[in-house]
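Here's the structure, in structure tokens; my notes come after.
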Amino acid sequence: DQQVKQNSPSLSVQEGRISILNCDYTNSMFDYFLWYKKYPAEGPTFLISISSIKDKNEDGRFTVFLNKSAKHLSLHIVPSQPGDSAVYFCAASPFSSGSARQLTFGSGTQLTVLP
Amino acid sequence: DAGVIQSPRHEVTEMGQEVTLRCKPISGHDYLFWYRQTMMRGLELLIYFNNNVPIDDSGMPEDRFSAKMPNASFSTLKIQPSEPRDSAVYFCASSSSSGSERANVLTFGAGSRLTVL
């Protein structure tokens, strides 16, 4: 039973355009969400996070949106750059319950930004 | 800091052999995690430690898998005997217990790619 789902295994976007990566979750105990980026032959690296008390968090070209009622979050990258080409993992945790350490990851979305 | 260090980066072994993967967490981090990445299951948590003590090993797939953390700067994940279905990339990650949301941020190593023939 996948509690965090990334239904699009891949996404291709033209350089300069917006990339939108989506993530759905089923566990209502999740209240902290993160996005990680992974390049080939490297470990995932933290990109951006959002707490359930917010519906938007922005960091430069990256913005994460959270829709709690729909149990959906998305990562927007504007403008997309070829260096953004990587696998993006969505992750969630029940921070407030004290189980912050137990991050549940989605299966990832391979983003390819075409020059 | 050099980050989370994992070794070996690549391991090819034959079915039935023992495999030991090693991890050195970031100095000062008191949480250590072992994850496995496969095409079918994505990134799944195997086990995690707090202050060298195993807290949750419910993700360890079978008794063939074991993990230890003898001190704050070293952990091992052992598979004995190994099977072809164990082929995957194994990641070690660490984090600190600052009590803030930022504490959720794991720092991953580069991973150990295991191939069991």
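Here is how names work: the chains are called A, B, and so on, in the same order as the sequence lines, proteins then strands, and each is numbered from 1.
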Which bit of A:Phe89 is near chain B, if near means a heavy-atom gap under 4.5 Å: side chain, backbone, both or neither? side chain

Select one option (side chain, backbone, both, neither) describing which atoms of B:Gln37 are under 4.5 Å from chain A's heavy atoms. side chain

Relative to chain A, which segment of B:Asp56 carries a heavy atom at a distance below 4.5 Å: side chain, backbone, both, or neither? side chain

Look at A:Ser107, A:Gly108, A:Ala41, A:Pro9 and state which one has the largest set of heavy-atom pairs under 4.5 Å with chain B. A:Ala41

Inter-chain contacts: residues 60-70 of chain B against chain A, heavy atoms under 4.5 Å: none

Sorted by number, residues from residues 14-23 of chain B in contact with chain A (heavy atoms, under 4.5 Å): none

Once salt bridge (Lys or Arg N to Asp or Glu O under 4.0 Å) is applied, do any residues pair with B:Glu44, and if so which ones, sequence neighbours excluded? B:Arg36, B:Arg41

Where is the tightest heavy-atom contact between A:Pro44 and B:Phe91, given as atom of each residue plus distance? CD-CE2, 3.9 Å

Closest heavy-atom contact between A:Leu103 and B:Tyr35? O-OH, 3.5 Å

Side-chain heavy atoms under 4.5 angstrom apart, residues restricted to Ile, Leu, Val, Met, Phe, Trp, Tyr: same cluster for [X] and [Y]?
X	Y	result
A:Val13	A:Phe62	yes
B:Phe49	B:Leu43	no
A:Tyr88	A:Ile20	no
A:Phe105	B:Val89	yes

If a pair satisfies salt bridge (Lys or Arg N to Asp or Glu O under 4.0 Å) and one of its residues is in residues 33-50 of chain A, list it, with sequence neighbours excluded. none

Evaluate whether atom CZ of A:Arg61 has more than 12 neighbouring non-hydrogen atoms of other residues, nucleotides or ligands under 6.0 angstrom away. yes

In this structure, CZ of B:Phe108 is separated from OH of A:Tyr36 (nearest 0.5 Å) by 5.5 Å

Do the non-hydrogen side-chain atoms of A:Ser49 and B:Val105 ever get within less than 4.5 Å of each other? no

